[in-house]
J.: 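Mind having a look at this structure? Questions to follow.
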Protein chains: 2
Amino acid sequence: MARHYVTIKDIAKILNISVSTVSRALRDTYDVNQETKEKVLALAAELNYKPNFNATGLAKGSTHNLGVILPFITNYYFSTVITGIQEVAYNNGYNITLFVTNDSPERELAIMENLSVSSLDGLLVSISSDSDSCNHFQEIIDEGVPVVFFDRVANEIDTSKVMQDDYNGAFEAVEHLILNGYTKIAHIAGPKGMSFTEARLKGYIDALTKHHLRINEDWIVYSGFSQEYGEQDTYQLLQLKQQPDALFAVNDRKAIGAMIALKNKGIKVGEEFGVIGFTNDPMSTIISPALSTIAEPAFEIGKLSCELLIKHITKPKYFHGEEIVLPGKLIVRESSMRKAKH
Amino acid sequence: MARHYVTIKDIAKILNISVSTVSRALRDTYDVNQETKEKVLALAAELNYKPNFNATGLAKGSTHNLGVILPFITNYYFSTVITGIQEVAYNNGYNITLFVTNDSPERELAIMENLSVSSLDGLLVSISSDSDSCNHFQEIIDEGVPVVFFDRVANEIDTSKVMQDDYNGAFEAVEHLILNGYTKIAHIAGPKGMSFTEARLKGYIDALTKHHLRINEDWIVYSGFSQEYGEQDTYQLLQLKQQPDALFAVNDRKAIGAMIALKNKGIKVGEEFGVIGFTNDPMSTIISPALSTIAEPAFEIGKLSCELLIKHITKPKYFHGEEIVLPGKLIVRESSMRKAKH
DNA sequence: GTGAAAGCGCTAACAC
DNA sequence: GTGTTAGCGCTTTCAC
């Protein structure tokens, strides 16, 4: 407590000049004498002067802070997105303040309600699963806070969004299974009502339809995103009298859970039963057989989101937001090998 | 730009009272009339008033911000630590500002030099690999900024630290291999010069010594922390004329790399060759055979670090820091099964 | 080119 | 119990 940091006032006093001159010198404003400027800079360095962002923020009405709100950070996708965000934030002189919702809508709401919007220049958000009400985001946007959504976007809200091409990725994944000889393809989906899971579901359905395969409602099971859910969902599928011979999982975690369930039941993945995921989590190369998947450009998504947000912040007049959809990439590994004849 | 948020002044004007009364009412200071207080609260809620943290920070000399500086977030350990930090920060009304160094000492230094210390109440840090100079941390501590180190700590610096018991974890891991019949145990280590890798190395050496096994310098290879390094290191070991029959890896990532190398060479992990890691990354259960390891209490480490930091901040007079060492836990899986006789 | 002064939003004496 | 005032550290007119 009672820490005193060196301020421009200190510098001004020592150099016997005014604070405004110091301020100008420090910020490299032109109308300041070269000599005084150098003296100021030298002294600032010597005293180890660091500007107080609170003060700067107050005075300028803009802070160096970007808020990032997301469900989790303990998985490959989100941690990589943050790394991307961090990268461009860092290069542009912004700090990021991290809020994790644990995928709880209540927590998300609580965070939003306590958010000191005035100390944030903008917000990057990936909404939590059951957050059906996005009013809190709309409100904040109405107040003029720039926000850009990534991955788990709120469709109703009109602002910038960046995401992967969930529909086409899913379509490609499922078509790949079909082309490899699988015909009874299930989908272990995410929760209902999220835009990206819906897109993946639609990709699944359309791929089947294109190839004249019947949609079997029993083969679509909705639940959470974890490996455990993937395992559970798969056991459920395997209890059906009419069993699938392949599955497309909404993400790699669930696909891995599925593979574990299949192994436990003695079913050979990649021969008798095809599996494909979505994400390209490093785990997919570790598990055996290696998991085929749709690679998501997570780092890129983080970078682009942050770049968009900065545009919103710096050019509010000229930039009115855009939606960016990045393509995924089919990565064929062992889990979806051509179905063995017997 | 030119966003105007509602301030206590606005509320004061509308209610025709002074700003200080509004301020008091909002912060629940006692000497304020129940009735006015209710009016203020009601209006604040109606207008969706949010305090400006920059202003509060400036006025009170303390912000709601904790800085977190660490090498990476894209792995199980660090992302889990952050989640723990986040949890207690959230419950105590702090925000966290995230800085990732990408394990680069230069980046770490740059971050520290640009750090607006005055807008941070404290700092949680895990240093980057080759950061041999910790002066920048010492300086900041000398200025009165509370900092606590976690995991990758700077030994020379006298402040709170929280880490797992690297020495005993390593000792136990290696002894486990020995007890399971392995006698020629290698260590694929981290870089030299970091305190936690040194501790793990020492645990390795002491376990061998206790069991009268010779230390073979060729069997200790130092490199980075990634899976790729683990693979490389292992190939290197396998080229030795005198080959080891087991290895202890400084972390699970490297252990997994090792397993991949061993598989590629046709060596049966867990029968001919024992492998054990450190961390308990979820990947260790995915890989086959499943990887034995020492589980680190990552979430707990995050929580404790943050709690310590908050103590430093709130009780600077009475709390002078402490070192917490959390025990790891040996988790035996398949990769270290009793060596098969032949 | 430089200084004085007001003000960003809030808190905290100090009066009354 | 409430208002007035000064001040946190910095920026920014507006003078000179």
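Residue numbering restarts at 1 for every chain, and letters A, B, ... go by the order of the sequence lines.
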J.: Pick the closest DNA chain D nucleotide for B:V32 and for B:K60 by heavy atoms, then say which residue is nearer the 5' end.
T.: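 Its nucleotide being nearer the 5' end, the pick is B:V32.
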J.: Is the positively charged end of B:R107 above the ring of A:Y90, judged by distance under 6.0 angstrom from the centroid and angle within 45° of the axis?
T.: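 Verdict for A:Y90: a cation-pi partner in B:R107.
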J.: In terms of side-chain heavy atoms of B:K9, which of C:dC8, D:dT2, C:dG1 is nearest?
T.: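 Closest of the options to the side chain of B:K9: C:dC8.
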J.: Starting at atom CD1 of B:I11, determine the distance to atom P of D:dT2, rounded to an integer number of angstrom.
T.: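 About 15 Å, once rounded to whole Å.
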J.: Nearest whole Å is fine: how far is D:dG3 C1' from B:I17 CD1?
T.: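 Result: 10 Å.
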J.: In whole Å, what is the span from the CD1 atom of A:I8 to the C1' atom of C:dG3?
T.: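 Atom CD1 in A:I8 sits about 13 Å away from atom C1' in C:dG3.
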J.: Quickly work out the B:K39 NZ to D:dG1 C1' distance and round it to whole Å.
T.: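 Between C1' of D:dG1 and NZ of B:K39: 13 Å.
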J.: With side-chain contact (heavy atoms from CB on, under 4.5 Å) as the test, would you mind laying out the steps for B:L26 and B:I8 before giving the verdict?
T.: CA-CA 9 Å; B:L26 253 17; B:I8 55 172; 3.7 Å; yes
J.: It should be established whether B:S23 places a side-chain nitrogen or oxygen under 4.0 Å from OP1 or OP2 of nucleotide C:dT11.
T.: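 Result: yes.
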J.: Nearest to the B:T7 side chain among C:dG9, C:dT2, D:dC10, which nucleotide is it?
T.: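 Given the options C:dG9, C:dT2, D:dC10, the side chain of B:T7 is closest to C:dG9.
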J.: Using a cut-off of less than 4.0 Å, is there contact between a side-chain N or O of B:Y5 and OP1 or OP2 of C:dC10?
T.: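 So the side chain of B:Y5 is outside the cut-off, no N or O lying under 4.0 Å from OP1 or OP2 of C:dC10.
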J.: Under 3.5 Å, is there a donor-acceptor pair linking the side chains of A:Y94 and A:Q86?
T.: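 No donor-acceptor contact under 3.5 Å links the two side chains.
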J.: Rounded to the nearest angstrom, tell me the gap between atom CG in B:D28 and atom C1' in C:dT11.
T.: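 Atom-to-atom, B:D28 to C:dT11, this comes out as 16 Å.
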J.: Rounded off to whole Å, could you give me the CZ-to-C1' distance for the A:R27 and C:dT2 pair?
T.: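 After rounding, the gap between these two atoms is 14 Å.
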J.: Without decimals, in angstroms, what is the distance between B:K13 NZ and D:dG3 C1'?
T.: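 So the two atoms are 16 Å apart, to the nearest Å.
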J.: If you look at every strand shown and take non-hydrogen atoms under 4.0 Å, does B:F53 touch a base, only sugar-phosphate, or nothing?
T.: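 No contact at all - B:F53 keeps every heavy atom at 4.0 Å or more from the nucleic acid.
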J.: Between A:T21 and C:dG3, is there a contact of a side-chain N or O with OP1 or OP2 at under 4.0 Å?
T.: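 For A:T21, the contact criterion (side-chain N or O under 4.0 Å from OP1 or OP2 of C:dG3) is met.
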J.: Please give, in whole Å, the distance from C:dG9 P to B:N54 CG?
T.: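 For the pair B:N54 CG and C:dG9 P, the rounded distance is 11 Å.
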J.: Counting side-chain heavy atoms from C-beta on, which of D:dG9, C:dT2, D:dG3 comes nearest to B:S18?
T.: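 Selected nucleotide: D:dG3.
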J.: Please tell me if B:S118 has a side-chain N or O lying less than 4.0 Å from either OP1 or OP2 of D:dG9.
T.: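 No, outside the criterion.
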J.: Measure from the side-chain heavy atoms of A:T36 and tell me the nearest of C:dT2, C:dT11, D:dG3.
T.: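 Taking heavy atoms from C-beta onward, the closest nucleotide is C:dT2.
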J.: Between B:T159 (side chain only) and B:V147 (backbone N and O only), is there a donor and an acceptor less than 3.5 Å apart?
T.: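 Yes, B:T159 side chain to B:V147 backbone: donor-acceptor pair under 3.5 Å.
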J.: Students often get this wrong, so: under 4.0 angstrom with heavy atoms, is B:R24 touching a base, only sugar-phosphate, or nothing?
T.: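 Touches a base.
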J.: With a non-hydrogen cut-off below 4.0 angstrom, is A:S20 in contact with a base, only sugar-phosphate, or nothing?
T.: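 Answer is base: heavy atoms of A:S20 come under 4.0 Å of a base.
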J.: Show your reasoning for whether side-chain contact (heavy atoms from CB on, under 4.5 Å) applies to A:I82 and A:I96.
T.: CA-CA 9 Å; A:I82 298 179; A:I96 80 163; 4.1 Å; yes
